[in-house]
Structures are given as C-alpha cells and as structure tokens.
Amino acid sequence: MIRLNNIRIPLDFDFNNLEKFCANNFKIDEKDIKSVRLAKKSVDARRKSDVHFIISVDISANGESTLLKKLKNAVPIEHFEYRVPKIDAEKSPVVVGFGPAGMFSALVLAMSGAVPIVLERGLDVDSRVKAVEKFQNGGELDTECNVQFGEGGAGTFSDGKLTTGIKDKRIGWILEKLVEFGAPEEILYLAKPHIGTDKLRDTVKNLRRRVIELGGEVRFGAKFIGFETDNSSVSSVIYSDISGIHKIETNNIIMATGHSARDVFEMLYEKKVELKQKSFAVGVRIEHLRKDIDKAMYGDFAGHPALKAADYKLAIHLPNGRALYTFCMCPGGYVVAASSEENRLAVNGMSCFDRDNVNSNSALLVNVTPEDFGGDHPLAGMYFQRDLEEKAFVAGGSDYGAPITTVGDLLSGKTSLKLGKVTPSYRPKYRFAELKEYLPDYVCESLKFGIIEMGRKIRGFDNPEAVLTGIESRSSSPVRVIRGESLESVSVSGLYPCGEGAGYAGGIISAAVDGMKCAEAVIAKFNGGSL
C-alpha cells in the first residue's frame, strides 16, 4: 500500500468519487486499483480567499513499486498490527482509574488474559451524567462523581479531542479501537479528530463491556485509599465503597487516577513515594460567538456546508517572561462546571460531536512554575491550585457560580457589570468579578496583554464583548510521580504511576498510549521480561 500526501481538494469535492479522482489525476489505470482510502483530511484556511482541503490517500494497487517511483509525494506504508502475548497471572493486576489511561491499560491487560480488576471511584457513565446534570442545574456537588471522576475520566465531559503532539505507533490502533467501540469513523483521517462528549459516552461503555467480555472486572464507586507492601514491593491494594473497606491481594497496581485525585497525591506523600513539583498553567475560558470565530477563520467561506465550526490554536510569549496560550479549544461548545472538591471552583470546556452551540470557547492559560508555588513541598503546586480555586469560589458568589468578566472590562480596567452579545454558557450561575479577585497579578497582566496580541492574529479575538469565565486550573497535573525505566515507581516496585495524573501524558491519546505502555510493562514481567 502507498500513501499520496498533500493533495489539494476543493470544498465541494465529492469524496464518493475518490477512486476515480486518483485514477484520473495520478494516471493510474482503474483496473489496477484495488482500494482507495482517505488517510488524512485537513482545512487549509491560510488564505481566506481560497479555503480548501488538503488530503492524503492510501492506495492499494498493482505495480506499487512503479507508482512509488512515478508519483511525487508517494510513500510506502505498512499497517501496524498490535498484539500482546497471553500470560497466566497468579494475582490479578489492579488498574486504579477508568479514564483514557486506565481504560486502555485495562483493555491490553484483558487481551493478555491477565484478568485485571479496575477500581473507579466515580460511577458508570450513565449515572455520572445524571450527577453532573444535577449539579449544573443547581443541585449538590458529588465529590466522588463529577466532571473529573467517573467512567471515562475527565475527557468524557470535554470535546473528546484526539490531537496529540506525540509520535507513537500505538496511536493508529487506539483510534481503530475507539471506532470499533462507537466513535465516528472520521477520527481515522481528520487532522484534528474529536469524538464529542455525546458520542464518547457510548464509546467508553462499549470499551468497558469489552474488558469484561475478556475476563476483566470493573468496580464503580470503588475509591483507592492505599496499598500495602512487602520488602518495598506492592502486596495489596486497599479501597473503600458503600459497604466498607476492602483489600485485594496483588503485586501490580497501574495507578491512572487523573490530575484531580488530590487525596491520592497526599496518600502517596504520606507513604514516602517520591514525588516532584511540576509546572502547569492557570487562567480562564474565553467565549466568542461561534459565527464570529468561523468568519475570522474562514472569511467568506464561513458557513460552507463542508466546513464544521472553526477552531484555532494560539501562543504568545510576553515581555514579562510568561507565555499565554489557548488550550482545549471547543468550537460550538460550552463552559462547564468542573469542581470536584467542596468550596472550590474549576471550569472546563465541552462540546458535542456536532459542535453546534452558539458560542465557541477555549482555555486561555498562563504558565506557572515551581518558583510560583511558594515552597519546596512536593505538593506545593497542588496547594497553589487549591488556593486559587477557593478564591474563585468566593469570587463567584460561594455557591459554585463562576466569576465572569468581559474582555472590554479587562482591557479598560473597569467593571461594567454588563454583557454584550455573548451570553456565558456556564451553569448553574455566574457573577461578575474582576480577575484579580482570584488570579495572581502576573496572570492578569499576561491575559490582558496577551489577548491584545492574539487579536492581531485572529480578527475579533479581542472583541470587548467576549466573555472570560474562571477559573481554568486543571489543565494538567501539578505533580509528577517519579518512575524508572521499568515504568514502576522508584519507591515501590509493582506500582506504575500512569497517565496525566502522574505527570506522563497530556490529553486523551497520550494518556491512552501511556496506559498501554504500563500494561505492556506488567505483561512483560509475567512473560520473562519481554512483550
């Protein structure tokens, strides 16, 4: 099979005629073509007067060696077939957490016959949706089942973005599995794939069912509270549920607890597991009208039926030495209540597959480093997060309302208490407040000057009526759990810090890859050191 890259296609192109197009444009006899598959599709909107697609196609045909010599931008490709050996584990490995890292580590372990047991502190996705909806409608916060905790992890209540900066042969397999479990097929070829929170819910349920079909077990409402060791090696895991405290004998724990399981970080610190401060970022969510962002990105092509809601990615280096960047951009999405602790406020972005809400939003984040945390304690970054979230909770009215302001008020230094054409999408409520009520001065300064600069890159980004909603504080973990070459904790053998919460991933795909790597490390231990 060969891949043809960098093919320019008009927006009105009929992709049902892809095979005929390849035959005509690359001088290949149709009788020699066995199959043509769309491999990549992206929007080129660099010139607003000429918006078009750039695609890559995979062609299986007779005489491929000749085609490789003849065709420009043609490269050979091979399909990666992922396999794991069958093993016989005397004691089931335990996976803590059922977000992307936990789901894919459990899946790989189940494929090997290791009979994994998954402990997830939150509930199944259907029960979780009810708990989140109740909170967003003004009900009580469930600190064990919310936007952060429960089946699918924090990604279940996001945009389901699958973009990643890492290169790994496992990524294609992960995407194929997600499609098998219910994700839209387009994630296999879109340059910026996403599932959407609505479709992601069924996808994670189907993945869980596969783990169970293969012999694994998934326990919801099962909170990881500790582990026991024998000669500095894991001997059991301890968890609690509504019936009490339980122990499972095991020699291997894949700890994929996510970036918001702060009680886990505290437990690890008490057990003298080596931890390290880690830089992260804090800021707000910025909301514009979707139609305005579409117009800014696509020009007169905005609204074309072949184009979905526009996204963007921006980064600015500022004179104060900070960086301001956009993160987790949600076209046609919502700003959601992402708190997981009482009397602390956090927000995130979410969108459904169709991305058809009236607003588009993105995190606007400023980097913070250990020098900002005010101490050398390994958990100082976590305490720094908590302090900001407590201030945001108060600024929002001390009732899980979110503090908001407009870009115009930020830039003018005034508080008008008046909205323009952009209505905040956050629920359950919001309240006007200045950023300085909950964010450090250097973050406020960075936001102010950075937004002006971003307005020079995207017309209307600095629109005075755009809304800023705080606080976005959970972009990544403030802690790294130190592990060695075997992927085990350097302090405890058999403990595998995994995924975003442990400081080794940054998004759904990279977390899933790390989960697979940790599962492979466990399998290799049973398989004589090899996979």
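Residues N367 and S279 have side chains that never bring a donor and an acceptor to within less than 3.5 angstrom of each other. Donor-acceptor pairing under 3.5 Å is lacking for the side chains of N359 and N361. In summary, the side chains of T415 and D409 do not present any donor paired with an acceptor at a separation below 3.5 Å, with no hydrogens or angles considered.
Residue L324 comes nearest to I451 through the heavy atom pair CD2-N, 3.8 Å, listed as atom of the first residue, atom of the second, then distance. Scanning both residues, G138 and P428, for their nearest heavy atoms gives N-CB, 3.7 Å. When all heavy atoms of V51 and L11 are compared, the closest pair comes out as O-CG, 3.5 Å. Closest approach of S158 to G160, counting heavy atoms only: OG-N, 3.1 Å. Closest heavy-atom contact between I523 and S112: CD1-CB, 3.7 Å. Residues A106 and F98 share a closest heavy-atom pair of CB-CE1, 4.3 Å.
Taking CG from L207 and CG from L178, the interatomic distance works out to 7.5 Å, rounded to the nearest 0.5 Å. With values rounded to the nearest 0.5 angstrom, Y334 atom OH is found 10.5 Å from T197 atom OG1. The NZ atom of K308 sits 3.5 Å away from the CD atom of E186 when rounded to the nearest 0.5 Å. Taking CG from D32 and CD1 from I59, the interatomic distance works out to 11.5 Å, rounded to the nearest 0.5 Å.
Here the side chain of R201 pairs no donor or acceptor atom with the backbone of D126 at under 3.5 angstrom.
Around the CD atom of E30, the shell of radius 6.0 Å holds more than 12 heavy atoms that belong to other residues, nucleotides or ligands. Atom NE2 of H304 has more than 12 heavy atoms from other residues, nucleotides or ligands within 6.0 Å. Within a 6.0 Å radius of CZ in R459, no more than 12 heavy atoms belonging to other residues, nucleotides or ligands are found. With a 6.0 Å radius and a threshold of 12 heavy atoms from other residues, nucleotides or ligands, K70 has its NZ atom above the threshold.
Cation-pi check for K457 over Y312 is not met; the charged atom does not lie both under 6.0 angstrom from the ring centroid and within 45 degrees of its normal.
Judged as a salt bridge (charged side-chain N to carboxylate O under 4.0 Å, His left out), and not counting sequence neighbours, the contacts of K177 are E180.
Identified under the salt bridge (charged side-chain N to carboxylate O under 4.0 Å, His left out) test for residues 1-11, with sequence neighbours left out: R3-D58, R8-D50. Pairs of residues two or more places apart, or lying in two chains, that qualify as side chain to side chain donor-acceptor pair (under 3.5 Å) and include a residue from residues 147-156 are Q148-S260, E151-R208.
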**Request:** Could you walk me through whether Y438 and E389 pass side chain to side chain contact (heavy atoms under 4.5 Å, CB included), step by step?
**Result:** CA-CA 8 Å; Y438 59 94; E389 291 175 8; over 6 Å; no

**K421 vs D292, side chain to side chain contact (heavy atoms under 4.5 Å, CB included): CA-CA, chis, key distance, verdict** = CA-CA 11 Å; K421 61 183 179 181; D292 290 346; 3.0 Å; yes

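Residue I471 is tested with V443, V347, L439 for a side chain to side chain contact (heavy atoms under 4.5 Å, CB included); the sole match is L439. When K48, R47, K295 are each tested for a salt bridge (Lys or Arg N to Asp or Glu O under 4.0 Å) with D300, only one passes: K295.
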